[in-house]
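What you see is a predicted model, and the numbers here were worked out from it, not measured in a lab. In what follows, every heavy atom counts, from backbone to side chain, and hydrogens, waters and symmetry copies are set aside. Note that the numbering runs from 1 along the sequence shown for the chain.
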Amino acid sequence: MQLKIQNYIKQFLKYLAVFIITVILSIGLLFLLVYLGVFGSLPDKNALASISNEEASQVISSDHILIGKIFAENRTNILWEEVPEHLKNALIATEDKRFYTHKGYDTKSYFRVFLKSIFLGNSSSGGGSTLTQQLVKNLYGRNNFSILSLPVNKLKELIIASRIETIYTKEELLLLYLNSVPFGENVYGVEAAARRYFNISASQLKIEESAVLVGLLKANTYFNPRLNPKNSLERRNLVLNLMEKQHYLSAKVTDSLQKLPIQLNYENADLKATAGYFVYQVKKKTLELLATIKTTTGKEYNLEKDGLKIYTTLNMQVQELASDAIKKQLTSMQQLLDKELENHQFKKQWYAKQKRQAQEKDLQKRNVEVLDWKGMQAKNISKLDSLWHYYKMLNAAVLITNPKNGAVISWIGGNHFRTLPFDMVLSHRQIASAFKPVLYATALENGFTPCTYLENEEKIYSEFEGWEPKNFDHISTPDSNVALWYALTNSMNLPTVDLYFKLGRENLLNTCDKLNFPQTLNDAPSIALGTLDLSLYEIVKAYGAFANQGQTNELLMIDKITDAKGNILYNAETPEAKEVFSIETSETITAILQQAINQGTGTKIRNQYGIKAELAGKTGTAQNYSDAWFIAYTPDLVLGTWVGASTPDVHFYSGKGSGSSLALPIVAQVLKGIEKDNALRKEYLTSFALNDAVYAFMECEPYRETGIEGLFNRFFNNDVKKEVDKNKKDKKPVKKSFFEKLFKKKQ
């Protein structure tokens with residue numbers, strides 16, 4: 001019996017020896033095949049010596065704030081001296097306690113994994129990869145070799161790790177690791193992770209915060225402190241325990257740190273995206289500039305990987321003012337619009353039409369996130385409800401520029417870049433009365449004066465399909481004409497149409513060409529009243545000519561681009577302005593539009609919002625209140641805004657949708673914020689400093705009577721007095737007859 005047992009043991013040992021030899025030979029053969037490059041070439045020492053981590057390019061505002069990143073991997077590299085000692089200790093204690101003694105691979109770890117994981121089935125025994133091997137995996141990734149994937153990739157990492165250890169110091173390897181390791185949420189490197197989860201630089205991390213980030217490395221989602229705070233807390237405390245075991249922390253310090261809660265200061269620029277629309281435009285422009293650099297110098301740069309720094313013209317302080325102004329205005333106005341859409345049965349009709357085309361699943365409610373003015377909100381609604389939510393949503397766009405050089409100071413293309421990426425700054429909508437200053441400026445360029453009198457009589461234009469324009473207040477004065485300056489100040493339609501016919505269409509279209517406006521295919525005279533579709537980009541640029549003595553500049557977004565080391569790749573040159581109007585014309589239009597702010601259609605900016613700065617400006621209200629505009633300017637600032645729904649079908653049915661009620665308040669709030677800030681006020685709210693002679697036109701009487709009585713009045717040089725009709729909201733002239741004025745008592 002004993003002999004039989006001995007034979008079994010011998011046979012077992014024989015088979016075991018054969019098995020071990022087979023495994024060793026197989027591993028050896030596989031190692032040789034990997035080494036020889038059968039499973040793909042391995043980087044040699046020269047390639048390893050030139051390792052350069054991919055780094056996100058940064059977009060920086062003019063007031064030195066990081067406003068966006070452009071990346072394949074969201075990474076910002078840091079220097080060795082910026083890495084806190086406790087972060088290094090936490091990493092080594094948790095991931096590779098023999099990091100400073102091994103040569104890229106850890107034999108003891110292999111035996112531990114082999115015995116505990118394979119023979120004892122203990123899956124919690126940990127992996128055998130060193131930090132160096134993990135670094136190799138981060139840098140080169142892993143390929144799929146079917147059932148051989150794991151052993152082949154592990155052998156590749158072992159070989160490359162042993163090579164890389166002969167090239168770099170341990171400190172350099174640790175820094176490479178910290179700059180390349182993934183922390184979840186498409187974030188790579190400890191600097192980007194520190195800013196994402198704690199909104200600080202990695203150099204400012206506390207011990208417990210470093211432990212949170214190191215804990216993330218085991219499983220990016222499961223230990224994410226935002227998504228799974230309980231798991232993250234447990235993992236952080238384990239990291240602190242491991243630091244204590246390696247004598248990096250005392251028991252007392254460890255105990256006190258483990259009692260602390262995780263205090264996140266989560267900052268995800270992608271979710272907030274205050275400057276998202278602008279950053280996207282900067283990315284497009286930067287790619288164009290890099291292509292030019294490649295053509296002229298032969299040097300090629302990768303915007304997503306080379307860590308470029310793009311210094312822009314955007315002022316983040318003004319951008320935040322604009323963003324807050326939009327939120328405040330649209331939060332209240334959306335509620336009013338919702339009521340009007342219900343009262344006029346628009347919502348009911350829309351749902352009825354959609355339900356006829358909808359499928360059953362479109363009517364079933366489910367939990368979804370939708371955007372409102374409180375942010376992204378979880379709601380239990382149907383697909384149809386979701387479509388209605390965005391269909392009737394008010395949108396706003398803001399563009400603020402410096403007219404002297406075209407620098408973009410603020411650019412907001414909509415309500416939320418990630419959710420609604422279509423940029424309304426570039427969208428073409430009916431420009432309405434905001435177009436009128438272009439017509440009036442063209443008239444001044446062609447011999448008209450502010451004291452030219454225009455007809456204010458309703459007419460039917462049979463040659464244009466019976467077109468019958470009316471003034472906004474539906475009041476006309478067939479027995480008197482209106483001074484050009486007064487007609488523009490009060491945005492009167494009938495005198496504007498008369499001016500259009502007297503000026504001639506070709507003269508107006510020539511100006512539109514100079515301003516690079518889109519060509520209009522029809523010959524309708526309604527273009528005079530703003531039926532042309534323009535973008536906020538185009539109209540703000542045009543108003544820049546009025547603010548800049550008749551000269552317009554191409555809009556500028558980028559001041560400078562440098563590489564990751566600070567070497568300048570591009571410097572913006574002083575732009576060459578293009579003359580569109582004469583200085584005299586631009587000054588006259590500015591003086592008239594100052595009256596529009598002080599006494600005309602823009603008076604709310606004074607009366608309701610108390611803005612004191614010198615301003616010129618113009619409102620615009622499209623047909624059926626589908627588009628609301630307001631543009632205001634100083635010599636150093638042009639502020640433009642548009643408000644409307646995604647489609648003109650959705651609109652107010654009352655004056656709440658006018659430019660003065662819907663768009664003007666946004667600009668007013670921005671101006672109020674600028675006025676309160678000494679530095680911004682001095683920089684942007686400058687005086688026009690126009691000569692008194694420019695305002696001489698105001699001595700012209702607003703209305704002039706026609707016919708025989710009018711001739712008598714003009715002969716005797718009597719003024720037409722304008723008074724407010726107490727029974728009506730609108731101002732209109734109260735005309736006195738020639739004989740009344742002749743025999744009036746002298747004061």
Side-chain angles (χ1 to χ4, degrees), residues 27-28 30-55 72-78 80 83 87-88 90-114 117 126-146 148-184 186-193 213-214 216-220 305 307:
I27 292 174
L30 187 61
F31 180 89
L32 181 63
L33 293 173
V34 171
Y35 189 85
L36 293 174
V38 173
F39 294 93
S41 60
L42 302 176
D44 58 20
K45 289 188 176 182
N46 290 331
L48 293 172
S50 62
I51 286 175
S52 176
N53 277 347
E54 293 179 6
E55 184 173 358
E73 294 180 349
N74 184 6
R75 174 187 293 127
T76 302
N77 293 336
I78 58 172
W80 177 253
V83 182
L87 175 60
K88 305 171 194 172
L91 181 62
I92 291 169
T94 307
E95 296 293 329
D96 190 358
K97 62 185 178 183
R98 286 182 288 275
F99 174 71
Y100 284 108
T101 59
H102 65 62
K103 295 182 179 180
Y105 52 91
D106 189 351
T107 309
K108 291 182 180 179
S109 292
Y110 289 147
F111 277 114
R112 170 177 53 79
V113 172
F114 186 78
S117 298
S129 294
T130 63
L131 280 175
T132 314
Q133 289 171 287
Q134 292 180 43
L135 169 63
V136 171
K137 183 179 73 172
N138 294 336
L139 293 175
Y140 296 102
R142 286 179 169 176
N143 295 319
N144 185 4
F145 300 104
S146 188
L148 293 177
S149 292
L150 182 61
V152 168
N153 283 312
K154 285 285 187 180
L155 287 173
K156 275 190 167 187
E157 290 161 12
L158 186 151
I159 295 168
I160 299 172
S162 62
R163 288 180 182 176
I164 205 171
E165 286 267 356
T166 65
I167 300 171
Y168 295 96
T169 65
K170 289 290 186 179
E171 288 76 13
E172 289 171 335
L173 290 172
L174 202 58
L175 185 63
L176 280 171
Y177 181 90
L178 287 169
N179 279 331
S180 64
V181 67
F183 286 89
N186 202 23
V187 169
Y188 293 80
V190 70
E191 177 69 12
L213 296 184
V214 170
L216 255 174
L217 300 178
K218 184 175 179 64
N220 293 161
K305 298 180 180 181

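For N220, the side-chain contact (heavy atoms from CB on, under 4.5 Å) criterion is met by P182, not counting sequence neighbours. T169 meets the side-chain contact (heavy atoms from CB on, under 4.5 Å) test with E171, E172; sequence neighbours excluded. By the side-chain contact (heavy atoms from CB on, under 4.5 Å) test, K170 pairs with F99, Y100, H102, E165, sequence neighbours left out.
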- Item | Step-by-step side chain to side chain contact (heavy atoms under 4.5 Å, CB included) determination, K88 to W80 | CA-CA 10 Å; K88 305 171 194 172; W80 177 253; 3.2 Å; yes

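Nearest heavy atoms, Y188 versus S180: CD2-O, 3.7 Å. Closest approach of S162 to T166, counting heavy atoms only: O-CG2, 3.4 Å. Across Q133 and A161, no two heavy atoms sit closer than the pair CG-CB, 3.7 Å. Of all the heavy atoms in I78 and E191, the pair that sits closest is CG2-OE1, 3.2 Å.
Atom CD1 of I159 and atom CD1 of I164 lie 14.0 Å apart (nearest 0.5 Å). Note that the CG atom of L87 and the CG atom of L178 stand 5.5 Å from one another [nearest 0.5 Å]. To the nearest 0.5 Å, atoms CG (L135) and OG1 (T130) are separated by 9.0 Å. Note: R98 CZ to D96 CG = 8.0 Å, rounded to the nearest 0.5 Å.
Using a 4.5 Å cut-off on side-chain heavy atoms (C-beta onward), V190 and V181 make no contact. In this structure, L217 and L91 have side chains that are in contact, with non-hydrogen atoms separated by less than 4.5 Å. Put simply, the side chain of E95 reaches to within 4.5 Å of the side chain of Q134, judged on heavy atoms.
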